[in-house]
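Down below is the structure, laid out as structure tokens.
So you know, we letter chains A, B, ... as the sequences are listed, proteins then strands, and number each from 1.
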Amino acid sequence: MTLTISTPLYYVNDKPHLGSTYTTIACDAIARYYRLEGERVLFITGVDEHGQKIQQTAQLKNINPKEHCDLVVTQYLELWKLLDIKFDRFIRTTSSKHKKFVETFYKKVKESGDIKQGKQQGWYCVGCEEYKDIPKTSEAPICAIHQKKLEWRDEDNLFFCLSNYQEQIMALVQDNSFIRPSTRRNEIINFVSSGLRDFSISRQNVDWAITVPDDNSQTLYVWFDALLGYLSALYPDENNIDLASLDNLGWPAHLHVIGKDILRFHAVYWPAMLLSAGLKLPKQVFGHGFLTREGQKMGKSLGNVLDPKDLLMKYDRDSIRWYLLSDIKFGSDGDFQESRFIDLINNDLANTIGNLLNRTSTMSRKWFNNKIPLIEKDNPDESIISEYTSNIITIVKQAYLNYDFKLVCESIIKLASQANTYLNDNQPWTKVKQSDNLSDVSSIIYNVLETSRIIGFLLLPIIPDIGSKIIYQLGYKEIPNTWNEELSWGVLQPGANLPKPYPVINKLERE
RNA sequence: GUCAGUGUAGCUCAGCUGGUUAGAGCACAGCAUUCAUAACGCUGAGGUCGAGAGUUCAAGUCUCUCCACUGACACCA
């Protein structure tokens, strides 16, 4: 069975920002975890390219919308490459595959009787490009943001009959495995229990969008179009687009990872659309938090937006991944603080983990002829460290399953600290001076090499580069695709060659 | 405005159904040490748990009031 995991399809109004980077890194870690577990994973990401805003942005730049989209898409792909994001599908909503699918899907929903004519009425601000929630009866209301008069709009649109799915959606959002983290579930339940209203899925004056199949005077509203990207992404190409084959292509999705701001679309509208089309529902929707920077909201007006590309110029990708995944509880909001960033990288990655490997490998090579020591007898202390390690493995695996990356990282650090303490307690550098203790020394070193090896594997989903470096430095010629056989004690071959160690990460200087 | 959530050491946060001297990591101080990336290890200092009142033998943990911040309250993604 395929595990399908998705990021949102990012809106290409602007270049990628730290938020989408964060989401994508988290998804990548999840995908890597499942792959190591031996699962067949389909990791979907992509972009949402339609809508009036994009049309307008392109106009401002004096290029056509497609050119604009192509440009931004290039930036996304480049960033994901720099971050070594191992996605399987990248879906563009302007692709012909997607268009074909949207038409197919629309027809099916229409056959189900869930599309009707309606009127979209309301006070509309041209500046905001949105309808304001202001009573019909108000006279000459003014937009609070733009201080301009609002227009009364009364537009014939197609509506999706969301209200037909009130009970089913209610049951879905109350199921405590669907919306994660659970703290966000209540909001959605409140929303649903206030009564679902039908929503419009078409627009009359937006050209940069997919045309409604049976009414070329209108185009489909971006959300209706964008959500369908999760499905169109599954098809290998634009041939044989039919709903029945989705079952074999990886649907239903195992997990949609999204920002908390778009939870409602994914937990309410999207499932209803799927129900209407007779398709299965995704298993989980995870709404993560937002990032601030040095305690402040990031925004253009403040001029404090942190560009992921700039970050990558200064720091390597694993440092960024480690910071985002280890310091911020996945699901909660987080604050990006550069001094903390530097502290964490230096302490966790360089001092605790990197130095552990380095000191152990050096000892082993120095005293055992550049090899992993031969174990001559059982070390009575072995069980202490090996049992500790095995407990950590259990905790880490469970934490990965819960998408609790913070706990994953914390537990791995604990293991590394434990190994450092074990070395200090046993002092192999003292024992080695007395030749009759050599067999003790070999066991001690072997135990810590083993621990380091397991640390390397456990780190792979979070920081693949550093995890791999650790594993290579222990003599592996290649990184195994799955980890279940590796996550047991005693895999390192005594007597095998140990390459010369080098720092898995360099320390960062504080400015 | 209505509803929900948050407010615990300098910083980021744990503290389940109320119960001995309130915890962790980072930062800080001291000790120790050289196998190692001036790293590791050990010890310590640090909090009237947002404010006030109440229930209780006992409250960070329950109730009420207040203060501050955040989010949701339908078509901006």
Side-chain angles (χ1 to χ4, degrees), chain A residues 8-14 20 48 50-54 120 122 125 127-133 145 157 159-160 162 183-192 194-203 221-224 226 259-265 268-269 287 289-290 292 295 297 326-329 332-335 337 339-344 346-367 406-407 409-410 413-414 416-432 441 444-445 448 501-507:
Chain A
L9 305 190
Y10 302 113
Y11 204 57
V12 293
N13 195 36
D14 205 352
S20 31
D48 172 11
H50 289 127
Q52 194 166 18
K53 227 173 207 160
I54 286 173
Q120 172 81 19
C125 171
C128 303
E129 289 201 47
E130 68 183 37
Y131 287 94
K132 298 290 173 181
D133 200 10
I145 300 165
N157 284 154
F159 277 70
F160 174 73
L162 182 64
T183 46
R184 303 205 191 286
R185 194 182 308 134
N186 259 351
E187 257 167 39
I188 300 293
I189 291 177
N190 286 346
F191 173 77
V192 176
S194 72
L196 294 177
R197 294 183 231 155
D198 301 337
F199 67 97
S200 73
I201 56 164
S202 71
R203 290 291 128 99
Y221 178 55
V222 271
W223 264 112
F224 192 83
K260 61 180 181 179
D261 53 333
I262 52 175
L263 184 55
R264 199 176 62 227
F265 291 94
V268 179
Y269 297 8
F290 280 171
T292 50
K297 224 173 225 180
S326 78
D327 197 42
I328 298 161
K329 186 173 172 189
S332 306
D333 291 344
D335 190 37
Q337 293 176 13
S339 64
R340 188 168 173 78
F341 179 100
I342 293 170
D343 282 343
L344 285 182
N346 287 346
N347 281 312
D348 296 345
L349 300 184
N351 295 348
T352 304
I353 293 175
N355 184 50
L356 171 70
L357 174 71
N358 197 261
R359 69 195 294 211
T360 314
S361 177
T362 303
M363 284 187 274
S364 192
R365 285 170 49 85
K366 194 182 256 180
W367 303 328
K406 191 172 182 173
L407 181 59
C409 297
E410 197 181 290
I413 289 298
K414 263 192 192 159
S417 298
Q418 183 65 26
N420 275 319
T421 305
Y422 173 83
L423 278 177
N424 286 36
D425 287 349
N426 287 288
Q427 301 199 30
W429 49 90
T430 308
K431 287 186 173 150
V432 78
V441 173
I444 294 163
I445 299 299
V448 180
Y502 61 93
V504 292
I505 189 164
N506 292 315
K507 283 200 204 176

NA contact type, Y10(A), heavy-atom cut-off 4.0 Å: base, sugar-phosphate, or nothing?
nothing
All stems that RNA chain B takes part in, i.e. 3 or more consecutive Watson-Crick or G-U pairs with distances under 3.5 Å, are B:1-7 with B:67-73, B:10-13 with B:23-26, B:28-31 with B:41-44, B:50-54 with B:62-66
Set of ring-ring contact (aromatic ring centres under 6.0 Å, His included) partners for Y269(A), sequence neighbours left out:
F199(A), F265(A)
Footprint string (nucleotides 33-42 of chain B, 5' to 3'): B base within contact, S backbone only, - free, heavy atoms under 4.0 Å
--BBB-SBS-
Tell me every residue that passes salt bridge (Lys or Arg N to Asp or Glu O under 4.0 Å) with D425(A), counting only those two or more places apart in sequence or in another chain.
none
From D327(A), D335(A), D348(A), residue fulfilling salt bridge (Lys or Arg N to Asp or Glu O under 4.0 Å) relative to R340(A):
D327(A)
Could you give the distance separating G30(B) and G46(B) at their C1' atoms, to the nearest angstrom?
15 Å
Check every strand shown and say whether Q337(A) touches a base, only sugar-phosphate, or nothing at a heavy-atom separation below 4.0 Å.
sugar-phosphate
Would you classify I188(A) as touching base, sugar-phosphate or nothing, given that sugar-phosphate means primed atoms plus P, OP1 and OP2, and contacts are heavy atoms under 4.0 Å?
nothing
Report the distance from atom CG of L344(A) to atom P of A24(B), rounded to the nearest whole Å.
18 Å
N-glycosidic conformation, G25(B) - syn within 90 degrees of 0, else anti
anti
Where each residue is assigned the nucleotide of RNA chain B containing its nearest heavy atom, which of N186(A) and S194(A) is assigned the position nearer the 5′ end?
N186(A)
Rounding to a whole Å, what distance do you find between R184(A):CZ and U6(B):C1'?
12 Å
Minimum heavy-atom separation for G289(A) and D333(A), please, with both atom names.
CA-OD1, 3.3 Å
Decide yes or no, distance alone: a donor-acceptor N/O pair under 3.5 angstrom between the base of A74(B) and the side-chain of R264(A).
no
Heavy atoms only, 4.0 Å cut-off, all strands: where does G195(A) land among base, sugar-phosphate and nothing?
base
Take atom CG of D335(A) and atom C1' of U6(B), then tell me their distance rounded to the nearest Å.
15 Å
What's the closest nucleotide to the side chain of R340(A) if the choices are C73(B), G25(B), A77(B)?
G25(B)
Excluding sequence neighbours, so at least two apart, what forms side chain to side chain contact (heavy atoms under 4.5 Å, CB included) with N13(A)?
Y11(A), K53(A), I54(A), T57(A)
Rounded distance in Å between the P positions of A59(B) and C49(B)
12 Å
Any N/O pairs under 3.5 Å between the protein and nucleotides 69-71 of chain B? List them or say none.
unit_1: G71(B); atom_1: OP1; unit_2: K297(A); atom_2: NZ; d: 3.2
unit_1: G71(B); atom_1: O2'; unit_2: E187(A); atom_2: OE2; d: 3.2

Report which part of the nucleic acid D261(A) touches: base, sugar-phosphate, or nothing (heavy-atom distance under 4.0 Å, all strands).
base
